[in-house]
Amino acid sequence: MKPFNHAEFEAAAQAAWATADVYRAYENDPRFPKGKYYCVSMLPYPSGKLHMGHVRNYTINDMMYRYLRMNGYNVLMPMGWDAFGLPAENAAMKANVAPAKWTYENIADMKRQCQAMGWAIDWSRELATCDPAYYKWNQWFFLRMLEKGIAYKKTGVVNWDPVDQTVLANEQVIDGRGWRSGAPVEKREIPMYYLRITDYAEELLAYLDRMPGWPERVKTMQANWIGKSAGVRFAFTHDIRGEDGKPIGDGRMYVFTTRADTIMGVTFCAVAAEHPLATHAAKSNPKLEAFIAECRRGSVMESDLATMEKKGMSTGLFVTHPISGEAIEIWVANYVLMSYGDGAVMGVPAHDERDLEFAQKHGLPIRQVLENTLVYDEQQRALHPRSKDPYLYFDATEPWKAWYADKSGVLTINSGKYDGKTHEEAVEAVAADLAAMGLGEKKITFRLRDWGISRQRYWGTPIPIVHCAACGDVPVPEKDLPVVLPEDCVPDGSGSPLVKRADFVDTACPKCGGPGKRETDTLDTFVDSSWYFMRYANPHAPTMVDPRNDYWNPIDQYTGGITHAILHLLYARFWTKVMRDMGLVHMDEPFTKLLTQGMVLNHIYSRRTDKGGIDYFAPAAVEVVHDEAGHVVGARSKVDGKPVDYDGVGTMSKSRLNGVDPQDMVDRFGADAARLFVMFAAPPEATFIWSDAGVEGAHRFLRRMWTFAQTHADTVKSAAGTFDWRDAAASVKTARRELHLALKQANYDYERIQYNTVVSAGMKMLNALEDVPAGAAGSAALVREGLAILIRVLYPVVPHIGCALWADLGFTGEHGPLLDARWPQVDPLALAQDEIELVLQVNGKLRGKVVVASSADKAAIEAAVRASPDLARHTAGTPIKRLVIVPGKLVNVVV
RNA sequence: GCCCAGGUGGUGAAACUGGUAGACACAGCGGACUUAAAAUCCGCGGGCGCCUCACCGCGCCGUGCCGGUUCGAUUCCGGCCCUGGGCACCA
């Protein structure tokens with residue numbers, strides 16, 4: 001028998017694939033009658049090593065590829081590298097190496113690892129986003145968007161490190177301090193480029209309903225992110241004049257509200273720290289100025305803003321209530337965001353949770369204007385909700401939710417002329433009155449903000465703009481593209497190294513020829529990943545896209561981490577629509593079907609050091625302590641034997657030492673075993689917590705399959721030809737039924753992309769084949785049929801061993817090479833049974849079984865049930881009230 | 001804080017449209033083979049209790065917790081708890 005040597009047959013298979021270039025895809029390939037199928041995985045960041053998430057992601061994609069190809073599709077699976085970004089700069093600082101060199105070496109390493117995994121990648125289409133031939137088109141398209149007004153410039157807020165004099169990414173801000181300097185981070189406004197994604201908000205939202213191939217949860221997340229809300233935008237008037245003597249904002253302070261029906265409950269207004277009225281008031285109020293400065297310190301992250309204590313300070317300024325004419329005090333509040341709406345809100349403490357908290361803290365009046373909503377408690381000076389109905393006392397952080405809630409039967413009170421109106425009536429009446437006064441109108445707003453694409457970083461696509469003293473911001477002409485990023489910079493953490501590169505910065509103004517300075521900001525890396533899947537279709541085209549793009553795109557099946565559910569997927573959708581509107585592509589949406597792969601988590605172990613720091617321990621370096629029942633009660637280090645803390649589970653990361661290197665698994669057990677195990681461990685969409693306990697099991701299964709196939713090689717060859725299964729022995733018929741049941745399950749699970757049970761089905765097949773008694777009538781024919789099915793069903797998971805066995809058993813002659821062999825079919829005759837077993841329940845509890853002919857009708861089943869001794873034993877003569885018969889499944893007797 | 005998802009044996013999980021909970025595996029235990037070990041093969045396996053010399057068998061409970069709908073709920077509905085992920089400059 002040929003010995004099992006995974007290193008040998010894996011290398012042989014990979015070499016054969018490479019030599020024949022079998023994964024190269026061609027447009028309109030006549031070999032594949034069912035047409036194109038474009039399946040793409042989100043491109044990896046080239047960190048240098050494949051991690052478990054990659055193995056999972058690309059194996060899922062590889063299984064689709066192979067399954068679909070055997071089913072007649074012209075499949076393309078490309079690969080590229082999301083090569084720009086912060087990690088390369090961090091590595092550069094640590095190792096004093098240029099990000100470019102680090103990145104290119106990592107790409108080479110990772111490409112080798114991909115090839116060792118046996119993935120069916122068409123490498124002729126490989127791209128790296130840091131290649132000028134790629135990012136040239138980022139620049140070109142950015143300039144087209146600038147022409148169309150989709151790209152524009154305005155100031156934006158960033159994290160600023162006052163010591164390093166540099167902009168910090170959110171991940172570089174730790175507990176409000178710069179990661180390198182330790183200095184408290186400040187917010188700073190700088191000019192940046194933005195893309196008008198908000199112009200597409202309505203379409204991005206509306207199309208979600210036309211995307212049946214996307215998971216509901218992702219669509220919900222995107223819809224919430226876009227955050228459409230219908231309300232009223234109106235102005236409070238005032239006569240607050242600036243230094244120029246003119247009224248600030250033309251004497252109007254605009255607010256947006258979804259709850260115009262509560263307008264008579266306004267007892268204060270709140271503005272963001274950056275609001276012009278706040279700035280104005282601070283000029284004559286040092287305390288307020290200090291408060292605004294305090295608001296400027298700290299993070300720009302939404303999660304931090306939301307959990308901060310609600311702080312505020314009065315400006316001493318007043319605006320006029322548009323309906324009542326009352327003077328309303330303006331406060332500066334840290335929970336009001338300048339970037340949402342107009343940076344000002346009306347405060348209705350009686351019917352808004354956050355306003356209430358704010359009013360209680362600062363002693364502001366509370367005025368109830370909806371009946372039956374809140375009970376005012378004099379003692380506590382607080383309003384308690386009488387009901388948890390979301391309308392009655394709604395959560396103001398999600399105004400659009402309240403809008404959709406049931407609002408029937410609640411009337412306005414204490415509201416003058418609006419008394420006694422329902423919510424809808426009151427909103428309409430208030431909106432109409434405000435419109436008549438010329439102060440406001442009904443408006444749809446979105447939570448979605450325009451996409452800021454400027455990054456004050458080195459390792460990214462240079463923004464193709466030249467600043468000229470005479471001409472202003474001048475776009476680089478198309479003939480001068482790409483603006484090439486110098487690849488020999490080594491960042492040191494203090495600002496962008498590009499700024500210090502005179503050879504890059506100093507240039508001639510393209511317009512007047514005078515001295516100009518290049519923009520040193522680079523584009524957000526989300527720009528790179530917004531259209532790379534189009535470039536795969538025409539990787540070397542002299543234009544951004546060409547007609548080959550229309551052949552492959554849109555992507556039929558897109559696979560990637562759930563972590564990208566919002567940002568990347570939304571940006572790519574937006575980008576595609578802009579390209580469509582410019583006539584470059586002819587599709588509305590880029591991703592027809594989406595699979596969001598679950599994360600791979602691992603346990604985290606740590607120990608506090610004497611100095612207050614944290615030491616992490618790799619799970620492999622920790623011995624877990626169990627109690628008698630097998631439950632985990634603690635852990636200790638394998639090195640010093642002392643206890644370590646268990647911190648739960650989290651994503652695999654270098655810093656927490658809980659990553660697992662797939663290469664190690666591949667070296668010890670082979671790529672097929674690694675692939676099989678990762679696919680078997682959990683369904684593709686589920687989060688799974690890593691455990692390497694099963695890898696050996698996967699390897700053992702492959703050995704078993706190999707041994708079975710090799711020992712039966714002669715049987716298989718001698719059993720060629722057709723066999724009439726009606727002549728098979730009963731035991732052979734039973735085994736064959738199990739085989740075809742497993743095949744049916746596998747087919748179903750391939751279609752619904754549940755690959756863990758595909759593996760189970762393969763295991764069941766092998767179990768059934770091993771139980772076939774040698775020498776029984778038809779046993780040789782069944783072993784032959786079974787192996788031919790088993791190898792094909794598992795081939796998408798374990799292609800290397802599949803190819804080796806396929807050839808060794810001589811199936812190539814009958815079915816052709818495994819790569820393009822036809823997918824096996826279920827034989828309905830193999831599934832047919834003469835008798836079936838029905839489950840017998842009494843009052844819903846399992847009480848026995850009844851065997852009836854498979855053709856039995858309801859009357860026959862009922863007769864069999866009534867005759868059943870199991871029934872008699874459990875009913876003891878109690879009359880039967882009802883008989884529920886589920887054909888083919890069970891009978892429930894109700895007594 | 002908000003949004004999204006998940007919670008089933010010692011462990012990973014399965015259960016397709018509301019119909020036998022735990023398929024298929026891992027770890028474990030028992031046995032066979034072996035001078036021995038590894039490998040391989042066979043068997044056992046949710047909890048509690050009962051019956052019995054033993055086999056065969058029986059009852060109750062059980063899918064995070066509380067409640068509801070139903071002949072029947074891991075599955076549907078309401079409320080709660082816990083865990084993970086995202087929150088716009090990580091990719």
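Per chain, numbering begins at 1; letters A, B, ... match sequence-line order. Hydrogens, waters and symmetry mates are skipped; everything else that's a heavy atom, side chains included, is used.
Between the CE atom of A:Met221 and the P atom of B:rC87 there is a distance of 9 Å, rounded to whole Å. Note: NE2 (A:His699) to P (B:rC26) measures 13 Å, nearest angstrom. Atom CG of A:Asn843 and atom P of B:rU70 are 15 Å apart (whole Å). Rounded to an integer number of Å, the gap from CG of A:Leu208 to P of B:rC4 is 14 Å. Per the geometry, CD1 belonging to A:Ile604 stands 13 Å off P belonging to B:rU83, to the nearest Å. One interatomic measurement links the two molecules: CG of A:Leu676 to P of B:rA25, which rounds to 11 Å at whole-angstrom precision. Rounding to whole angstrom units, CE of residue A:Met765 and P of B:rA25 are separated by 13 Å. Regarding A:Asn658, its CG atom lies at a distance of 12 Å from the P atom of B:rG84, rounded to whole Å.
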For each nucleotide in nucleotides 14-23 of chain B, reading 5' to 3', give B when a protein heavy atom comes within less than 4.0 Å of its base, S when such contact involves only the sugar-phosphate, and - otherwise. SSB--BB--B
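A:Phe677 pairs in a ring-ring contact (aromatic ring centres under 6.0 Å, His included) with only one of the listed residues (A:Phe669, A:Trp690, A:Phe688), which is A:Trp690.
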Distance-only donor-acceptor pairs under 3.5 Å for side chains of residues 186-196 of chain A, two or more places apart:
{"from": "A:Lys187", "atom 1": "NZ", "to": "A:Cys295", "atom 2": "O", "distance (Å)": "2.9"}
{"from": "A:Glu189", "atom 1": "OE1", "to": "A:Thr155", "atom 2": "OG1", "distance (Å)": "3.2"}
{"from": "A:Arg196", "atom 1": "NE", "to": "A:Gly149", "atom 2": "O", "distance (Å)": "2.9"}

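B:rC53 and B:rA36: their C1' atoms are spaced 37 Å apart (whole Å). B:rC66 and B:rC81 have their C1' atoms separated by 10 Å, with the value rounded to a whole Å. Here, B:rG9 and B:rA23 have their C1' atoms 14 Å apart, quoted to the whole Å. Between B:rC65 and B:rA54, the two C1' atoms lie 43 Å apart (nearest whole Å). On the P atoms, B:rC89 is 41 Å away from B:rU11, given to the nearest whole Å. B:rA21 sits 14 Å from B:rG47 when the C1' atoms are compared, rounded to a whole Å. Remark: the separation of the C1' atoms in B:rC44 and B:rC26 is 16 Å, to the nearest Å. A distance of about 11 Å separates the P atoms of B:rU8 and B:rU63, rounded to the whole Å.
Shown here are the side-chain hydrogen bond (donor to acceptor under 3.5 Å, both in side chains) partners of A:Thr651, two or more places apart in sequence or in another chain: A:Arg656. Not counting sequence neighbours, A:Trp575 has no partner by the side-chain hydrogen bond (donor to acceptor under 3.5 Å, both in side chains) test. Take A:Phe680 and apply the ring-ring contact (aromatic ring centres under 6.0 Å, His included) test, not counting sequence neighbours, and it matches no residue. Applying the ring-ring contact (aromatic ring centres under 6.0 Å, His included) test to A:Phe708 and every residue at least two apart in sequence or in another chain returns A:His712. With sequence neighbours excluded, the residues that form a side-chain hydrogen bond (donor to acceptor under 3.5 Å, both in side chains) with A:Glu302 are A:Arg447. In this structure A:Asn90 satisfies the side chain to side chain contact (heavy atoms under 4.5 Å, CB included) test together with A:Leu86, A:Met93, A:Glu171, A:Gln172, A:Trp179, sequence neighbours excluded. For A:Lys889, there are no salt bridge (Lys or Arg N to Asp or Glu O under 4.0 Å) partners at least two apart in sequence or on another chain.
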Encoded 5' to 3' (Watson-Crick or G-U under 3.5 Å; [ ] crossing; | other strand), RNA chain B becomes (((((((..(((......[....))).(((((.......))))).(((((......)))))..(((((..]....))))))))))))....
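In this structure, A:Asn106 contributes its side chain and A:Pro46 its backbone to a donor-acceptor pair below 3.5 Å. Using a distance-only test at 3.5 Å, with no hydrogens or angles considered, no donor-acceptor pair links the side chain of A:Asp524 to the main chain of A:Val527. No donor-acceptor pair closer than 3.5 Å links the side chain of A:Asp82 to the backbone N or O of A:Pro44.
The A:Phe688 side chain lies nearest to B:rA13 when the options are B:rA13, B:rC24, B:rC4.
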Protein N or O to nucleotides 88-91 of chain B N or O, pairs below 3.5 Å:
{"from": "B:rA88", "atom 1": "OP2", "to": "A:Glu302", "atom 2": "N", "distance (Å)": "3.1"}
{"from": "B:rA88", "atom 1": "N6", "to": "A:Arg447", "atom 2": "O", "distance (Å)": "3.2"}
{"from": "B:rA88", "atom 1": "N1", "to": "A:Arg449", "atom 2": "N", "distance (Å)": "3.1"}
{"from": "B:rC89", "atom 1": "OP2", "to": "A:Arg455", "atom 2": "NH2", "distance (Å)": "2.5"}
{"from": "B:rC89", "atom 1": "O4'", "to": "A:Arg455", "atom 2": "NE", "distance (Å)": "3.1"}
{"from": "B:rC89", "atom 1": "O3'", "to": "A:Asn170", "atom 2": "N", "distance (Å)": "3.2"}
{"from": "B:rC89", "atom 1": "O2'", "to": "A:Asn170", "atom 2": "N", "distance (Å)": "2.6"}
{"from": "B:rC89", "atom 1": "O2", "to": "A:Arg457", "atom 2": "NE", "distance (Å)": "3.4"}
{"from": "B:rC89", "atom 1": "O2", "to": "A:Arg457", "atom 2": "NH2", "distance (Å)": "2.6"}
{"from": "B:rC89", "atom 1": "N3", "to": "A:Gln456", "atom 2": "OE1", "distance (Å)": "3.1"}
{"from": "B:rC89", "atom 1": "N4", "to": "A:Gln456", "atom 2": "OE1", "distance (Å)": "2.4"}
{"from": "B:rC89", "atom 1": "N4", "to": "A:Gln456", "atom 2": "NE2", "distance (Å)": "3.3"}
{"from": "B:rC90", "atom 1": "OP2", "to": "A:Asn170", "atom 2": "N", "distance (Å)": "3.3"}
{"from": "B:rC90", "atom 1": "OP2", "to": "A:Glu171", "atom 2": "N", "distance (Å)": "2.8"}
{"from": "B:rC90", "atom 1": "O4'", "to": "A:Glu171", "atom 2": "OE1", "distance (Å)": "3.1"}
{"from": "B:rA91", "atom 1": "OP1", "to": "A:Leu86", "atom 2": "N", "distance (Å)": "3.0"}
{"from": "B:rA91", "atom 1": "O3'", "to": "A:Asp82", "atom 2": "OD2", "distance (Å)": "2.3"}

Identify the pairs formed between an N or O of the protein and an N or O of nucleotides 38-42 of chain B at a distance under 3.5 Å, and give each distance.
none

Salt bridge (charged side-chain N to carboxylate O under 4.0 Å, His left out), that's the test. Do A:Asp521 and A:Arg455 meet it? Break it down for me. CA-CA 5 Å; A:Asp521 280 1; A:Arg455 295 290 178 273; over 6 Å; no
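In this entry the base of B:rG9 is syn relative to its sugar, with a glycosidic angle within 90° of 0.
Under 4.0 Å is where a charged nitrogen must lie from a carboxylate oxygen, and between A:Glu89 and A:Lys94 no such pair does.
Using a 4.0 Å heavy-atom distance criterion, A:Gly650 is classed as a sugar-phosphate-only contact.
At least one side-chain nitrogen or oxygen of A:Arg882 sits closer than 4.0 Å to the OP1 or OP2 atom of B:rC71.
Checked against a 6.0 Å centroid threshold, the rings of A:Tyr571 and A:His564 do not count as neighbours.
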